[in-house]
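Note that the coordinates shown come from a computational prediction; the quantities given were computed from them, not determined experimentally.
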Amino acid sequence: MGKSSNKLRASDVLNWDYLVKIANRSQEDAKFLDEGLATFAYNFTSTADDDNRNALPTDLMHNATDQQSKDTAEKIVELLAFRLQTDLQKLRQFGKENGVRLKRGGG
């Protein structure tokens, strides 16, 4: 494979044990961040397809940071890493590899 084989996979970045712990399937739109993250966790842990797993955090970060400054995008990714109990630097790298506009260095 080419260059893409060196890219991080979401399953190697996100905290699987924590996602399983918070996962909750909801039939309604989330009204609060915790509800949205619980649904995200459910969707992420309920699929075995790496492409789908990669798309979920990529879409989440793109939607959350769209039309935001790089400074604000950094804060959003930092909050996401905190709330999902995952490594910030790995999440940043994953985001950058998947087109999320972030600063060059660390946050």
Side-chain angles (χ1 to χ4, degrees):
M1 293 190 114
K3 199 170 158 183
S4 64
S5 64
N6 295 330
K7 288 173 79 171
L8 285 173
R9 295 179 314 162
S11 57
D12 295 328
V13 172
L14 298 179
N15 182 338
W16 181 269
D17 292 334
Y18 183 71
L19 293 179
V20 168
K21 181 179 172 183
I22 68 165
N24 186 28
R25 184 177 185 181
S26 177
Q27 300 300 321
E28 299 177 14
D29 288 341
K31 291 182 176 58
F32 301 100
L33 180 59
D34 287 344
E35 294 171 351
L37 293 178
T39 300
F40 167 84
Y42 176 84
N43 291 335
F44 188 85
T45 58
S46 295
T47 183
D49 184 279
D50 265 342
D51 289 338
N52 287 340
R53 281 193 187 143
N54 287 336
L56 287 165
T58 299
D59 291 346
L60 176 62
M61 287 193 288
H62 276 288
N63 289 337
T65 62
D66 187 45
Q67 305 291 322
Q68 301 296 324
S69 70
K70 286 185 179 181
D71 286 333
T72 300
E74 289 287 348
K75 290 176 186 172
I76 291 168
V77 171
E78 186 176 323
L79 174 66
L80 188 58
F82 175 76
R83 295 299 293 267
L84 294 177
Q85 296 187 7
T86 195
D87 182 83
L88 173 59
Q89 294 311 315
K90 284 184 180 179
L91 187 61
R92 282 187 81 257
Q93 182 181 344
F94 177 84
K96 288 182 75 125
E97 288 176 358
N98 289 283
V100 177
R101 288 186 21 171
L102 298 170
K103 292 180 178 181
R104 283 207 167 114

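With rounding to the nearest 0.5 Å, the separation of CG in Leu19 from CG in Asn43 is 11.0 Å. Taken from OG in Ser46 to CG in Asn52, the straight-line distance is 11.5 Å, to the nearest 0.5 Å. Asn15 CG to Ile22 CD1: the interatomic distance, rounded to the nearest 0.5 Å, is 9.0 Å. Once rounded to the nearest 0.5 Å, the distance linking CG of Leu102 with CZ of Arg92 reads 5.5 Å. Atoms NE2 and CG, on His62 and Asp66 in that order, are 9.0 Å from each other to the nearest 0.5 Å. Between the CD atom of Glu74 and the CD1 atom of Ile76 there is a distance of 10.0 Å, given to the nearest 0.5 Å.
Across every non-hydrogen atom of Ala73 and Gln68, the tightest pair is N-CB, 4.4 Å. In this structure, Pro57 and Ala10 approach most closely via the heavy-atom pair CG-CB, 3.6 Å. Considering every non-hydrogen atom in both Leu14 and Phe40, the closest pair reads CD1-CZ, 3.9 Å.
No continuous path of hydrophobic side-chain contacts links Leu80 to Phe82 [ILVMFWY only; heavy atoms under 4.5 Å]. Note on Tyr42: it does not cluster hydrophobically with Tyr18, by side-chain heavy-atom contacts below 4.5 Å among ILVMFWY residues.
Partners of Asp29 by side-chain contact (heavy atoms from CB on, under 4.5 Å), not counting sequence neighbours: none found.
Under the side chain to side chain contact (heavy atoms under 4.5 Å, CB included) test applied with Leu91, the options Leu8, Leu84, Thr86 reduce to a single match, Thr86.
In summary, the side chains of Gln93 and Glu97 do present a donor paired with an acceptor at a separation below 3.5 Å, with no hydrogens or angles considered.
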### Task
Go through the steps to decide whether Arg101 and Thr65 satisfy the test side-chain contact (heavy atoms from CB on, under 4.5 Å), and finish with yes or no.
CA-CA 8 Å; Arg101 288 186 21 171; Thr65 62; over 6 Å; no

### Step-by-step side-chain contact (heavy atoms from CB on, under 4.5 Å) determination, Asn54 to Phe94
CA-CA 9 Å; Asn54 287 336; Phe94 177 84; 3.9 Å; yes

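Here Lys103 pairs with Asp71 in a salt bridge; the nearest charged N to carboxylate O distance falls below 4.0 Å.
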